[in-house]
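One structure is given here, and the rest of the page talks about it.
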Amino acid sequence: MTDDLLHSLNDQQRQAVTAGGGPILVLAGPGSGKTGVLTRRIAYLIRAVGVRPWQIMAVTFTNKAAAEMRQRVQALVQDERLYGFQIGTFHSTCARILRVEADYTPYTKDFLIYDTDDQLSVIGRAMDDLDLDPKRNSPRAILNAISSAKNELILPHQYQSVDLFTEIVARVYPRYQRLLEQSNALDFDDLLVQMVLALRSSDMLREKYQQRFEYVLVDEFQDTNSAQYQLVKLFGAPQNNVFAVGDEDQSIYAFRGADYRNVARFRKDFPDAQVILLEQNYRSTQTILDVARAVIDKNTNRTVKKLFTTRKDTLPILVHEAWDDEQEARFVADQIDLLRLKHGYRYSDFAIIYRTNGQSRALEATFVHRALPYTIYGDVSFYKRREVKDVLAYLRLVSNPNDRVSFERVINVPKRGLGEKSIRDLFRWLDQEQISLLNGLERLTEGDAPPLAARALKPLAEFALMLRGWRSQAQTGQLLALFDTILAEVGYRLYLRESSDTPQEAQTREDNVDALRATLQTADERQMSLQDYMIEATLMQDAADTRTNEGERVTLMTMHAAKGLEFPVVFITGVEEGILPHFRSLEEPNGIEEERRLFYVGITRAKDRLILTYAFRRGLYGSSSVQERSKFLLDIPPQLIDAPPGTLRTDQGAAQFSSMTRWDGGMGRLKDDLARGSASSGRVIPFPRQDAARATQFRAGMNVFHEAFGQGKVIESRIDGEDEIVTVAFVDRKFGIKKLSLAYAKLTVLQ
DNA sequence: TACGCATGGCTTTTT
DNA sequence: GCCATGCGTA
């Protein structure tokens with residue numbers, strides 16, 4: 001009766017799906033059918049073991065993944081209703097439970113969830129209260145530190161400072177937390193922390209949920225943080241029917257607290273855990289798997305997996321060295337055209353993956369120029385747009401009139417003549433009188449005159465009256481009507497039109513407001529309360545993101561965004577020191593290993609063809625700089641790199657580049673290095689540096705003046721014996737780009 | 001209070 | 001090279 005669930009599985013997959021109770025750890029390599037195993041396991045529990053859907057808790061890392069998984073499970077259980085089946089992110093699962101069990105927390109059940117922007121403004125206020133200068137200590141860094149502490153379940157009073165910076169954090173953290181509580185708001189991390197604290201503090205509560213959730217399944221286990229790991233253990237106990245699926249090699253979220261060592265911890269905490277390795281890959285050619293493995297095998301502290309495929313076809317991968325990021329983009333475009341023509345690939349078969357968002361620019365410019373259709377995957381979230389945040393803040397203020405962050409956001413949008421000064425005075429008055437924001441506003445409408453500038457009182461009282469009206473309208477439960485009333489009364493649409501620079505911008509922003517309006521319509525249909533809606537809106541930051549992913553387009557994205565996806569042809573661009581690995585990662589402990597995993601994730605997205613590119617020079621932050629190819633390239637065995645003549649490799653470029661500079665490397669060089677064995681000994685042949693002999697007087701990016709040619713910008717400067725050769729692009733098009741010898745030319749630097 | 005220009009500083013990103 | 005923030009001025 002469960003044949004349909006099991007018939008297409010290999011032995012290891014079947015073992016995972018049908019394993020009995022107790023802790024189970026599935027280490028699933030990329031492309032090994034992990035999601036299929038997870039969904040089938042859930043369906044199997046329901047259909048073959050007789051577990052009721054409401055006894056199952058499944059956790060994913062994104063809302064999108066949760067929605068997809070729910071759908072797949074539904075398809076697998078056919079007509080069975082998934083009544084009470086809990087699937088969601090850790091955060092949404094906790095939010096849901098905490099709403100019901102708010103009595104076990106310092107909050108009331110209509111609590112709010114603050115997103116990162118809200119958090120930053122609270123940090124700002126906390127720092128202001130403590131007389132700390134946000135220029136000396138970045139609020140973002142402090143927020144990160146607090147967030148890390150929370151992920152480690154370190155409470156404000158437990159936070160230990162070890163240096164000056166952490167001393168600042170130690171002061172801000174308690175103040176920040178108190179402000180959150182004052183606004184009845186939790187940040188994302190609090191959802192986890194408060195859940196852990198509640199479960200730990202009350203036997204009754206703990207037993208209630210431990211009994212309810214008999215089976216706990218966790219996806220992307222390598223990306224759990226400490227708090228999440230504790231939650232897994234708390235919900236899983238005492239039966240410990242915990243099914244954890246993950247891959248240490250794909251842990252790429254350390255910067256937000258993910259700790260792949262939780263995999264090892266799980267093995268230690270549950271010594272009787274069954275460990276199942278999924279090593280058969282259903283995605284890539286053997287060469288691609290070998291390349292991936294060569295890269296990742298340099299990492300330590302991992303469970304070694306041996307990925308294999310039964311695919312017989314394979315091609316070597318291609319490594320291409322471009323002159324600069326522009327040429328790199330052109331090469332990518334050329335390859336796409338070539339592969340489409342020669343091998344019948346479609347635009348949608350291609351992905352271009354890079355380390356940093358900024359790298360998309362050169363690619364986009366080239367693609368636009370050549371009319372090559374593309375789409376950027378994972379663009380700025382809908383919910384991050386200003387107009388969306390504004391309107392949500394209005395709703396949130398209605399939902400919780402003590403929410404100071406939302407109040408501050410909307411009080412002067414549109415402009416009401418209420419600036420920073422008035423707000424600070426108002427808050428000071430509230431704190432002095434020890435009354436809530438709502439109370440204060442009410443007193444204003446009754447004619448109470450707090451110590452504020454006289455001209456601020458009227459608009460403030462007007463605002464208070466509007467808010468009162470909205471609050472009573474909210475009682476009717478018609479969210480859409482409330483939304484329309486608010487927009488009309490504050491004149492928000494008019495404001496959008498007036499504050500936009502172009503009619504197009506106004507249109508886009510209004511469209512966004514209408515898209516948000518549609519979500520309220522849905523909420524009404526589902527009879528959601530305003531409070532429920534607010535929680536959903538904060539947690540589901542991707543839900544309303546109606547990106548048109550239709551059509552034949554190549555996909556551009558960061559490596560992080562690429563996780564979980566696959567494409568027939570994958571380009572990884574900018575495989576250079578400083579980019580991959582990223583220079584910022586060098587400061588992090590084990591940063592290099594994380595970068596290596598990132599590269600690994602990128603490589604394993606490819607099904608048939610993998611093309612790695614790097615550039616000799618790259619425009620970073622305006623000025624162009626000389627790049628060195630990534631050391632990761634030297635980990636790839638040379639025999640996997642070549643390409644048969646006439647398939648992919650184009651050699652014309654190299655000659656062209658060498659004539660443009662003294663730099664005489666070429667495309668074959670990497671392979672030559674590797675063949676010579678210099679790679680294994682770790683020797684890297686450095687590019688000639690421009691400043692090798694002595695420093696140049698001029699540097700790229702400098703603005704200069706020449707008596708005959710006028711003003712210009714330095715593109716490049718290099719030492720030539722005793723002389724210095726400066727390449728300058730002159731503002732006057734007549735002169736264009738010129739190479740000047742300092743021995744003759746008079747060139748002065750302009751400030 | 002609001003707008004305009006200058007300065008600085010810069011990953012990755014989901015909840 | 002761009003964007004966000006901050007300060008100075010109307």
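Within every chain, numbering begins at 1; the chains are lettered A, B, ... in the order of the sequence lines, protein sequences first and strands thereafter. Heavy-atom basis, side chains included; hydrogens, waters and symmetry copies ignored. These numbers were taken from a predicted model, which means no experiment stands behind them.
Rounded to whole angstrom, the span from the CD atom of A/E536 across to the P atom of B/dT14 amounts to 18 Å. A/H560 has its NE2 atom 6 Å from the P atom of B/dT13, to the nearest Å. Put simply, CZ on A/R140 is 10 Å from P on B/dT11, counting in whole angstrom units. A/L191 places its CG atom 12 Å from the P atom of B/dT15, with the value rounded to the nearest Å. Protein atom CD of A/E593 is 22 Å distant from nucleotide atom P of B/dT12, rounded to whole Å. In this structure, A/D117 places its CG atom 14 Å from C1' of B/dT15, rounding to the nearest Å. Separating the CD atom of A/Q228 from the P atom of B/dT14 is a distance of 15 Å, rounded to the nearest angstrom. Here B/dT11 presents its P atom at 21 Å from NZ of A/K563, a figure rounded to the nearest Å.
Residue A/R355 is in base contact, counting any heavy-atom pair closer than 4.0 Å across all strands shown. Counting non-hydrogen atoms under 4.0 angstrom, A/N412 reaches the backbone sugars and phosphates but no base. If you check every strand for non-hydrogen atoms under 4.0 Å, A/F90 touches nothing. Residue A/T116 is in base contact, counting any heavy-atom pair closer than 4.0 Å across all strands shown.
A perpendicular orientation is assigned to the rings of A/F463 and A/F407, their planes being inclined by more than 60° (bins at 30° and 60°). Ring pair A/F188/A/H91 is perpendicular by interplanar angle, where above 60° counts as perpendicular and below 30° as parallel.
OP1 or OP2 of B/dT14 has not a single side-chain nitrogen or oxygen of A/N63 nearer than 4.0 Å. A/S92 has no side-chain polar atom (N or O) that falls below the 4.0 Å cut-off from OP1 or OP2 of B/dT15. Contact annotation: A/N357 reaches the phosphate of B/dT13 (side-chain N/O to OP1 or OP2, under 4.0 Å). OP1 and OP2 of B/dT15 both lie 4.0 Å or more from every side-chain N or O belonging to A/N151. Checking the phosphate oxygens (OP1, OP2) of B/dT13, a side-chain nitrogen or oxygen of A/T558 falls inside 4.0 Å.
With rounding to the nearest 0.5 angstrom, the CZ atom of A/R125 is 11.0 Å from the CD1 atom of A/I123. With values rounded to the nearest 0.5 angstrom, A/L191 atom CG is found 4.5 Å from A/I113 atom CD1.
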Sub-3.5 Å pairs of nitrogen or oxygen atoms, protein against nucleotides 8-10 of chain C:
none

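For B/dT12, the base is anti relative to its sugar; the glycosidic angle deviates from 0 by more than 90°.
Judged as a salt bridge (Lys or Arg N to Asp or Glu O under 4.0 Å), the pairs with a partner in residues 144-154 of chain A (not counting sequence neighbours) are, in order, A/K150-A/D187, A/K150-A/D190.
Aromatic stacking of A/F255 on B/dT12: satisfied, with centres closer than 5.5 Å and planes within an angle under 30 degrees.
For A/R361, the listed nucleotide lying nearest its side chain is C/dG1; candidates were B/dT12, B/dT14, C/dG1.
Under the 4.5 Å side-chain criterion, counting only non-hydrogen atoms from C-beta, A/M195 is not in contact with A/F90.
When the nearest nucleotides of DNA chain B are assigned to A/F61 and A/E595 by heavy-atom distance, the more 5′-ward of the two goes with A/E595.
For A/R596 (side chain) and A/I296 (main-chain N/O), no donor-acceptor pair under 3.5 Å exists by modelled atom type.
In this structure, A/R428 has no side chain to side chain donor-acceptor pair (under 3.5 Å) partners at least two apart in sequence or on a different chain.
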